[in-house]
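Just so it is clear: chains get the letters A, B, ... in the order the sequence lines come, proteins before strands, and each one is counted from 1.
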2 protein chains.
Amino acid sequence: MSLDVLEDRLREHGYRVTTQRRAVFDAVSALGHGTHEEILRHAQTVDASLNLSTVYRNLEVLEEIGLVRHAHLGHGSPTYHLADHHRHLHLVCSKCKEVLEVSVDTANPLVEELKTSHGFAVDIDHFAIQGLCSKCQS
Amino acid sequence: MSLDVLEDRLREHGYRVTTQRRAVFDAVSALGHGTHEEILRHAQTVDASLNLSTVYRNLEVLEEIGLVRHAHLGHGSPTYHLADHHRHLHLVCSKCKEVLEVSVDTANPLVEELKTSHGFAVDIDHFAIQGLCSKCQS
DNA sequence: GTCTATGCAAAGTTTTTGCACCTGG
DNA sequence: CCAGGTGCAAAAACTTTGCATAGAC
């Protein structure tokens, strides 16, 4: 996704195009996924005066206009990623905290069953899946 | 699960049996599931001087000895429930915030696939499943 | 009597908000 | 210009910690 799309989408929704919004978007793009703090740190390499509250406010805006999404991988802060970022399920080991990434297709039977029997359109990768990895089960 | 089990389990692990621990356990049991604040409010109907920090500390103890577990249903605080509480998947609508409960068996194909191909032992109901309910998809 | 658990208050974290100033259009 | 956006600082919300005392055993 290019910066052109960022500008267009912002304008479409009546938001202004600012250097801070570009910096936050770039940081999310470069990081793949990151928390507010991680995004701030990365974006500050471009604009050192960028403020954490601006990161909070702009991630909200970017999410509202559909360019960015967030997921909950653990008990702490959410992580943000581009909306067209490669999607995958996150398997988080509750013991060693390792995070495995597996194809979202693995969940297709569940996704389809919930759609058929409850009419629920699942966003399967919004929350991680917790459990014990093979090493921690002994 | 009765209070006898609470006492036995606490003693087994070298913890003391206190009125506060009973009150917290009772509150979780009565509420089905609740956040720290909700558990505090309920437990205070029995012991008005019960402190929030005691609720935090005791939920940690009760979880450690296996009587209580927590789940993440949304972006806020976790909710606590008895370990032998009827398990179900939580489907949370990202728009209207409604929470649907469906059988954990719905996820069996996913659970088995993750076990077979990645050796990962899923705790399927630890995190909610986000999406859009049938009403909010139009 | 000993040692853990509790209440209280204070500190630590994370996120939100108010406001004066700056900036995009 | 002028409305919206930003930085800064303060507040709010949430969770943890230190310590003196109460209470379990």
>> Determine whether the aromatic ring centres of residues His36(A) and Tyr80(A) are separated by less than 6.0 angstrom.
In response: yes

>> Do Leu52(A) and Val46(A) sit in one hydrophobic cluster, given that two such residues count as connected whenever their side-chain heavy atoms are within less than 4.5 Å of each other, even indirectly?
In response: no

> What string of B, S and - do you get for nucleotides 16-25 of chain C, 5' to 3', when a contact is any protein heavy atom under 4.0 Å?
Replying inline: BBB----BBS

> For Glu98(A), which residues count as a salt bridge (charged side-chain N to carboxylate O under 4.0 Å, His left out) partner, sequence neighbours excluded?
Replying inline: Lys135(A)

> Apart from Leu114(A) itself, which Ile, Leu, Val, Met, Phe, Trp or Tyr residues share its cluster (side-chain heavy atoms under 4.5 Å, direct or through members)?
Replying inline: Leu89(A), Leu91(A), Leu100(A), Val102(A), Val104(A), Leu110(A), Val111(A), Phe120(A), Val122(A), Ile124(A), Ile129(A), Leu89(B), Leu91(B), Leu100(B), Val102(B), Val104(B), Leu110(B), Val111(B), Leu114(B), Phe120(B), Val122(B), Ile124(B), Ile129(B)

> Same cluster for Ile65(B) and Leu82(B) if Ile/Leu/Val/Met/Phe/Trp/Tyr side chains link at under 4.5 Å?
Replying inline: yes

>> Parallel, tilted or perpendicular: which one describes the rings of His90(B) and His88(B), with boundaries at 30° and 60°?
In response: perpendicular

> Heavy atom of residues 42-51 of chain B under 4.0 Å from DNA chain C: which residues?
Replying inline: Ser49(B), Leu50(B), Asn51(B)

> Under a 4.5 Å side-chain heavy-atom rule over Ile, Leu, Val, Met, Phe, Trp and Tyr, are Val61(B) and Tyr56(B) clustered together?
Replying inline: yes

> Ala121(A) and Gln137(B): which non-hydrogen atoms are nearest, and at how many Å?
Replying inline: N-NE2, 3.4 Å

> Around atom CZ of Arg21(B), are there more than 12 heavy atoms of other residues, nucleotides or ligands at under 6.0 Å?
Replying inline: yes

>> In this structure, would Leu31(B) and Val99(B) fall into the same cluster of hydrophobic residues linked by side-chain contacts under 4.5 Å?
In response: no

> Do you reckon Val92(B) sits in the same ILVMFWY cluster as Leu132(B), going by side-chain contacts under 4.5 Å, direct or chained?
Replying inline: no

> Axis-to-axis angle across the helix from dG1(C)-dC25(D) to dG25(C)-dC1(D), five pairs an end, to 10 degrees?
Replying inline: 30°

>> Going 5' to 3' along DNA chain D, between which two nucleotides do contacts with chain A fall, using a heavy-atom cut-off of 4.0 Å?
In response: dA3(D) to dC8(D)

> Using the ring of each side chain (for Trp, its six-membered ring), is Phe127(A) parallel, tilted or perpendicular to His72(A), with breaks at 30° and 60°?
Replying inline: parallel

